[in-house]
Amino acid sequence: SGTPQGARATSAGAFSPAALEASGIATWEWDAGRDALRDSAGLRPLYGLPSDASSLTLERLVAAVVPEDRDRFAAALATAVAQATPFRLEHRVALPTGSVRWLKTRVDPEADATGAASRLVATVCDETAEHEERTRLAEVATRMARITDLVPGTLYVVDLAQERNVFANRELTAQLG
């Protein structure tokens with residue numbers, strides 16, 4: 001089954017608020033017929049939005065996305081609505097503190113008879129730590145490449161367990177073409 005180990009789905013198939021909170025996942029559902037969005041308790045904090053009782057809209061979610069990612073996020077939502085096309089997208093939101101949070105959103109539409117989405121169901125999780133780790137590893141790899149390119153002669157690394165070359169410096173790459 002698709003239920004995470006240790007989490008129990010309620011009779012309606014939705015996860016309990018406690019299970020969502022423990023997993024770090026937030027959800028939202030949009031009903032096209034009513035243009036109404038319903039969100040789990042963890043969504044607004046992820047987006048840096050106030051947890052007040054005001055209605056949350058798709059427009060408000062899109063507006064919370066940083067300008068550099070907003071058009072891509074809005075276009076994916078528009079396609080999901082018009083063509084009932086699912087998507088997964090990493091995007092950033094600016095928090096009231098001035099920091100930026102990386103979110104991964106997965107949207108699964110339910111289509112009506114016309115092929116458009118009658119409903120969007122989304123899960124959102126904080127990917128900030130993972131994104132920062134990938135960035136850090138990429139920076140380390142870049143530094144290592146710069147350092148090894150200064151080594152006179154050839155330098156390469158072989159993964160003996162996988163029986164494959166993992167790295168070759170610029171000198172060896174130039175020699176091998």
Side-chain angles (χ1 to χ4, degrees), residues 1-139 142:
S1 101
T3 304
Q5 188 173 17
R8 293 192 188 273
T10 64
S11 60
F15 289 107
S16 71
L20 285 173
E21 186 175 341
S23 72
I25 295 173
T27 63
W28 57 262
E29 294 180 31
W30 177 73
D31 181 321
R34 296 182 309 126
D35 190 21
L37 192 134
R38 187 175 61 129
D39 59 310
S40 67
L43 184 72
R44 295 176 195 219
L46 279 179
Y47 271 82
L49 298 171
S51 296
D52 58 18
S54 67
S55 294
L56 187 59
T57 64
L58 282 181
E59 292 78 17
R60 195 165 167 204
L61 280 183
V62 171
V65 175
V66 298
E68 299 85 1
D69 296 347
R70 192 174 296 142
D71 288 344
R72 189 169 46 92
F73 186 71
L77 276 174
T79 302
V81 170
Q83 301 172 11
T85 304
F87 71 87
R88 289 186 177 121
L89 186 68
E90 268 194 353
H91 57 90
R92 296 166 287 173
V93 293
L95 302 176
T97 62
S99 62
V100 173
R101 177 174 289 142
W102 283 87
L103 300 177
K104 183 180 284 183
T105 298
R106 175 184 171 164
V107 173
D108 291 306
E110 292 180 7
D112 62 17
T114 69
S118 59
R119 182 172 170 239
L120 299 179
V121 178
T123 57
V124 182
C125 62
D126 185 349
E127 289 284 312
T128 305
E130 291 81 358
H131 180 80
E132 289 172 352
E133 181 65 11
R134 286 191 306 268
T135 300
R136 189 188 71 73
L137 289 173
E139 289 169 354
T142 299

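What you see is a predicted model; the values in this text were computed from it and never measured. If you read the sequence from its start, that first residue is 1, and numbering goes on from there.
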For the CZ atom on R72, are there more than 12 heavy atoms of other groups (residues, nucleotides or ligands in this structure) within a distance under 6.0 Å? yes
Evaluate the side-chain contact (heavy atoms from CB on, under 4.5 Å) criterion for residues L103 and V93: first the C-alpha distance (whole Å), next the side-chain angles of each, then the deciding distance (0.1 Å), finally the verdict. CA-CA 7 Å; L103 300 177; V93 293; 3.9 Å; yes
Which pair of non-hydrogen atoms, one from A84 and one from P109, has the smallest distance, and what is that distance? C-CG, 3.3 Å
Smallest heavy-atom separation, L89 atom then H91 atom, equals O-CD2, 3.7 Å
Check ion pair R136-E139 (N to O, under 4.0 angstrom): no
In terms of ring plane angle, is the pair Y47 and F73 parallel, tilted or perpendicular, where the classes change at 30° and 60°? tilted
Does some side-chain heavy atom of L61 sit less than 4.5 Å from a side-chain heavy atom of D39? no
Are the side chains of L77 and W30 in touch, meaning some heavy atoms are under 4.5 Å apart? no
How many angstroms lie between CH2 in W102 and CD in E130, if you round to the nearest 0.5 Å? 12.5 Å
Could you give the distance from CD1 (I25) to CG (L43), rounded to the nearest 0.5 Å? 12.5 Å
For W28, check ring pair (Phe, Tyr, Trp, His ring centres under 6.0 Å) against everything at least two apart and list the hits. none
Which donor-acceptor pairs under 3.5 Å do the side chains of residues 119-127 make with protein atoms, sequence neighbours left out?
unit_1: R119; atom_1: NE; unit_2: E29; atom_2: OE1; d: 3.4
unit_1: R119; atom_1: NH1; unit_2: E110; atom_2: OE1; d: 3.3
unit_1: R119; atom_1: NH1; unit_2: E110; atom_2: OE2; d: 2.5
unit_1: R119; atom_1: NH2; unit_2: E29; atom_2: OE1; d: 2.7
unit_1: D126; atom_1: OD1; unit_2: T128; atom_2: N; d: 2.8
unit_1: D126; atom_1: OD1; unit_2: T128; atom_2: OG1; d: 2.6
unit_1: D126; atom_1: OD2; unit_2: R101; atom_2: NE; d: 3.3

Does anything in residues 77-90 pair up under side-chain hydrogen bond (donor to acceptor under 3.5 Å, both in side chains), and if so which pairs, sequence neighbours excluded? E90-R134
Check: D112 side chain, S118 main-chain N or O, donor-acceptor pair, under 3.5 Å: no
